[in-house]
Protein chains: 2
Amino acid sequence: MDEIDKKILTALQQDARTTHKELSAIAGISTTPVYERVKRLEREGVIKRYVALLDKKKVGKALTVISMVTLKSHKKDVIDKFHEHVLAMPEVMECYHMAGNYDYMLKVLVNDMEEYQKLLVEDLARTEAIANIQSMFVMGEVKQETAYNL
Amino acid sequence: MDEIDKKILTALQQDARTTHKELSAIAGISTTPVYERVKRLEREGVIKRYVALLDKKKVGKALTVISMVTLKSHKKDVIDKFHEHVLAMPEVMECYHMAGNYDYMLKVLVNDMEEYQKLLVEDLARTEAIANIQSMFVMGEVKQETAYNL
DNA sequence: GTTGAAAGAAAAGTAGG
DNA sequence: CCTACTTTTCTTTCAAC
């Protein structure tokens, strides 16, 4: 990955619809090698996918909750079951296994507090593996970026 | 936003390169109204942008850190300065204003622990507005999704 | 790496139902 | 909303340098 690749990736991270012509102007090379580089970066998995990002408020997902989860046990089968459960929940946008005080951090997106409460009481709290859930509510978004600085 | 819009948005959230022809098959309408709906959704801001998602490990961003920040004061100018600072830091991918024990949650992406330490000591800790930073390190990713369930 | 060309696909817009 | 058609643009591949 050289500087030209980085320029191409930076542009595509900002706008996936940047044409090869535009990329060639940005990268300073002609369209044919741009095409080959993009294909290579896709093939190598550096570019994972192209997606449309929606406005969460405009699709009704107004409430973001960060849930810190502690498990009852750290046996493999308990962990696997928890992972499976989380993967099946469409409201859970992100889930990280953490080092430190908590076992997992979940980013949950719901329409409102009522939906979160329902999710918590009827779904998460009923999950065998979970010992404790600490919910932190997002009041405002300062920054939300998907592009990595290369 | 009807069911057809939702089908279009769901497809584009998974793959921004889905063609109008493919969308017309998915949504059950012909290409012209698909084209018009997509344009409308873009114009209305429901679709914010199209982006390429990269493999963080393949671009060297191996370490994700969740930083919980407490400010010294909640005066407008202190808050504004903190926001400005965070927006200018390329390593900060997300920043949320929180309700509860902490004031802000930051998702920070760096190459390694050394880079994070440098960031913490030379940048964040030097920021006037910050009273305390609690760092939580991500050991593993269970789920990372950008598509909302419509 | 470059240019230029060419085939095919898709996007974008138009017209009529 | 539909079909059908047009124009323009982009993608993709090729040949030659």
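Chain A is the first sequence line, chain B the second, and so forth, proteins listed ahead of strands; every chain is numbered from 1.
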### Task
May I have the distance from A:L23 (atom CG) to D:dT9 (atom P), rounded to whole angstrom?
18 Å

### Query
Relative to each other, are the rings of B:F82 and B:Y104 parallel, tilted or perpendicular (30° and 60° limits)?
tilted

### Summary
Residues B:E94 and A:E145: closest non-hydrogen pair is CG-N, 4.5 Å

### Query
Whole Å only: how far is the CD atom of B:E36 from the P atom of C:dG13?
10 Å

#### Entry: Quiz item: B:T31 side-chain donor-acceptor pair to C:dA10 base, under 3.5 Å
no

### Candidates C:dA11, D:dC10, D:dA4 - which lies nearest the side chain of B:T32
D:dA4

### Message
What is the distance, to the nearest angstrom, from the CD1 atom on B:I8 to the C1' atom on C:dA11?
### Response
15 Å

## Note on the structure
Of the listed D:dT3, C:dA12, C:dT3, the closest approach to the B:Y35 side chain comes from C:dA12

### Query
Would you say a side-chain N or O of A:K39 is under 4.0 Å from OP1 or OP2 of D:dT12?
yes

### Query
A:T19 near the nucleic acid: base, sugar-phosphate alone, or nothing, with a heavy-atom cut-off under 4.0 Å?
sugar-phosphate

### Message
Please check: side-chain N/O of B:K6 versus main-chain N/O of B:M1, any donor-acceptor pairing under 3.5 Å?
### Response
no

### Query
Which comes earlier along DNA chain C counting from the 5' end, the contact point of A:R17 or that of A:G28, where each point is its nearest nucleotide?
A:G28

### Query
Counting side-chain heavy atoms from C-beta on, which of D:dC2, D:dC10, C:dA10 comes nearest to A:K21?
D:dC10

### Message
Counting only side-chain nitrogens and oxygens, does A:H20 get under 4.0 Å of the OP1 or OP2 atom of D:dT11?
### Response
yes

### Query
Thinking salt bridges, do B:K118 and B:D123 make one under a 4.0 Å N-O criterion?
no

